[in-house]
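Each remark here refers to the structure printed beneath this line.
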Amino acid sequence: MFKSFLFLSFACWLCSTPALAQQPYFPDTAWQSRKPAELKLDATALDSAVAFAQRNEATIDRDLRIANMRSYANEPGYKILGPMKQRGGPAGLIIKGGYIVAQWGDPGRVDMTFSATKSYLSTVAGLAVDQRLIGSIEEPVNRYVWDNTFEGNHNSKITWRHLLDQTSDWSGCQFEVCDWSDRPPRTGGIDDWKARKLLEPGSTYEYNDARVNVLAYSLLQVWRKPLPQVLKEKIMDPIGASTTWRWYGYDNSFVNMDGQMVQSVSGGGHFGGGLFINTWDQARFGLLFLRKGKWKGKQLVSEQWVKMAHEPSKANPSYSLLWWTNAAEELKGVSKNIWFAAGFGGNYIVIDEANDLLIVTRWLEPSQLGELVKRVEAAVR
């Protein structure tokens, strides 16, 4: 009788212990779905969010070569250096508790993801820190990259954090792209831009793909093998991603690495290239970060790096380690604690840890992101 009592007491304790009663769900090859009501979501609000995403398609041309040429027409000497692809229509997934609760469009279509690539690049940097290939992101990059990339009084001050927070003001040209030609001021001309006063590294945020590509090149010097291979082995294969994603650089971005020509990849599609990936794989990557870098009990990227990735930077509270935050509440009416990867044309991976929510949306008009998140959060409330 006493033994039965002990057994029942132990069983009740197991059921009442959250960590033991229910382990977080992670998808295998097939990703399980749940009806909204099963996860205490308002189905009507969720339907409203999906319909909103479908009718607010990005206004950029579906021929992304045309979209790029129109967007960057004011950049001197602008040309497409890497591969590009015709885009699809709006697509997306909403995930609660790890389960699919809504989807639209064609999540299996491989599309360019533009600057959402930067958050994958950030992860490769985090892996380098985790594995002690980089001692600290506060260290100057020229301790690791000793060619002329970081020579001079200005560039030699630049740390890994400066590159990751886009506050380096790195000055130079690489793969036919110069820092001053990337999103130049609306006033002045080439001579003015070339002779500009350099800003102290770390003092000022400036979005600049040329400098992000310098980060990718620098990480290649550290890893000494193609960054897509690092991402595949360390992240994408363990989370069960498909074999359809690709990460490209430019036609002219091959460098000699230990006697082999290796492509230095780009951090987006500004000049072509970047990550080409389907929505399902984007969601797996997002779920990894929603789960603080852990996948099925294995810590793929350290929890410390995941935390750092959404701590507001000093120069721009809306940005941190190539991820966006809502710390400054630029997305009105939604949680200030969400954070997200973002790419040209409305490519987003939105992480809402408080609500255990993940939103992946493709080709959404960028000005409508806040409204979409608001509608999804309304389904929780």
Side-chain angles (χ1 to χ4, degrees), residues 72 74-78 81 115 117-118 121-122 124-126 128-129 133-224 227 249-250 252-253 255-257 264-268 270-271 308-309 311-324:
Y72 307 121
N74 69 316
E75 297 185 3
Y78 175 79
L81 299 170
S115 286
T117 307
K118 291 176 173 60
L121 181 62
S122 169
V124 173
V129 173
L133 298 177
I134 296 173
S136 167
I137 61 171
E138 313 302 340
E139 291 182 296
V141 185
N142 69 0
R143 292 184 185 176
Y144 299 82
V145 182
W146 47 261
D147 59 20
N148 62 4
T149 307
F150 293 94
E151 283 187 355
N153 292 332
H154 176 77
N155 285 349
S156 63
K157 299 177 184 177
I158 294 171
T159 67
W160 293 100
R161 181 182 289 279
H162 296 150
L163 291 174
L164 286 158
D165 282 346
Q166 301 226 51
T167 61
S168 72
D169 202 29
W170 178 85
S171 177
C173 302
Q174 187 186 60
F175 309 135
E176 298 183 39
V177 179
C178 299
D179 69 285
W180 51 263
S181 67
D182 186 334
R183 299 175 179 85
R186 293 292 178 179
T187 59
I190 291 176
D191 290 339
D192 302 308
W193 305 333
K194 287 182 177 178
R196 78 188 192 286
K197 180 181 178 181
L198 297 177
L199 303 170
E200 185 67 17
S203 67
T204 307
Y205 165 84
E206 186 176 25
Y207 201 87
N208 187 285
D209 279 282
R211 296 173 188 138
V212 172
N213 291 342
V214 167
L215 169 62
Y217 170 81
S218 301
L219 287 170
L220 175 60
Q221 303 302 308
V222 168
W223 280 102
R224 309 200 67 74
L227 299 193
Y250 307 143
N252 63 354
S253 67
V255 299
N256 189 319
M257 183 58 55
S264 185
V265 292
S266 66
H270 186 141
F271 304 94
M308 288 168 59
E311 290 178 342
S313 61
K314 293 179 180 179
N316 181 5
S318 297
Y319 205 73
S320 178
L321 303 187
L322 302 182
W323 288 84
W324 292 91

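Excluded from the calculations below are hydrogen atoms, water molecules and symmetry mates; all remaining heavy atoms, backbone and side chain alike, are included. Predicted model, so just to flag it, every value in this text is computed and none were measured. Numbering starts at 1 and runs along the sequence shown.
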Are [X] and [Y] side-chain neighbours, meaning at least one heavy-atom pair lies under 4.5 Å?
X: Asn74; Y: Pro184; answer: yes
X: Ser181; Y: Pro76; answer: yes
X: Ile158; Y: Asn142; answer: no
X: Asn155; Y: Ser171; answer: yes
X: Thr167; Y: Thr204; answer: no
X: Thr159; Y: Ile137; answer: no
X: Leu163; Y: Val212; answer: no

Donor-acceptor contact below 3.5 Å, side chain [X] vs main chain [Y]:
X: Gln221; Y: Val145; answer: no
X: Asn252; Y: Phe175; answer: yes
X: Ser156; Y: Gly152; answer: yes
X: Asn316; Y: Tyr205; answer: no
X: Asp169; Y: Leu199; answer: yes
X: Asn213; Y: Gly267; answer: yes
X: Ser122; Y: Lys118; answer: no
X: Asp179; Y: Gly172; answer: yes

Review point. Are the aromatic ring centres of Tyr72 and Phe271 under 6.0 angstrom apart?
Key: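 When the ring centroids of Tyr72 and Phe271 are compared, they turn out to be at least 6.0 Å apart.
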
Practice item. Go through Tyr78 and His270 one step at a time and tell me if the side-chain contact (heavy atoms from CB on, under 4.5 Å) criterion holds. Key: CA-CA 10 Å; Tyr78 175 79; His270 186 141; 3.8 Å; yes

Check whether the side chains of [X] and [Y] place a donor and an acceptor atom closer than 3.5 Å, and report yes or no.
X: Ser115; Y: Tyr207; answer: yes
X: Thr149; Y: Asp147; answer: yes
X: His162; Y: Glu200; answer: no

Using 0.5 Å steps for rounding, measure from the [atom1] atom of [X] to the [atom2] atom of [Y].
X: Asp191; Y: Arg196; atom1: CG; atom2: CZ; result: 14.0 Å
X: Asp182; Y: Asn208; atom1: CG; atom2: CG; result: 4.0 Å
X: Leu219; Y: Arg224; atom1: CG; atom2: CZ; result: 13.0 Å
X: Glu75; Y: Trp193; atom1: CD; atom2: CH2; result: 9.0 Å
X: Ser168; Y: Arg161; atom1: OG; atom2: CZ; result: 13.5 Å

Distance-minimising heavy-atom pair for [X] and [Y]:
X: Ser218; Y: Phe150; value: OG-CE1, 3.3 Å
X: Ser264; Y: Ala216; value: OG-C, 4.1 Å
X: Asp165; Y: Leu321; value: OD1-N, 2.9 Å
X: Arg183; Y: Asp209; value: NH1-OD2, 2.9 Å
X: Cys173; Y: Trp180; value: SG-NE1, 4.4 Å
X: His154; Y: Leu198; value: CG-CD1, 3.6 Å

Review point. Does atom CG of Asn153 have more than 12 heavy-atom neighbours, drawn from other residues, nucleotides or ligands, at distances under 6.0 Å?
Key: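 Atom CG in Asn153 is not packed in, count stays at 12 or less.
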
Review point. Do the ring planes of Tyr144 and Trp160 sit parallel (below 30°), tilted (30 to 60°) or perpendicular (above 60°)?
Key: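 Rings of Tyr144 and Trp160: perpendicular, over 60°.
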
**Study point:** Working for side-chain contact (heavy atoms from CB on, under 4.5 Å), residues Thr187 and Asp192
**Key:** CA-CA 9 Å; Thr187 59; Asp192 302 308; over 6 Å; no

Review point. Do NZ/NE/NH1/NH2 and the carboxylate oxygens of Arg211 and Glu206 come within less than 4.0 Å?
Key: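 Judged by the 4.0 Å cut-off on N to carboxylate O distance, Arg211 and Glu206 do form a salt bridge.
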
Practice item. Show the numbers, then the answer: is there a side chain to side chain donor-acceptor pair (under 3.5 Å) between Gln166 and Tyr319? Key: CA-CA 9 Å; Gln166 301 226 51; Tyr319 205 73; 3.1 Å; yes

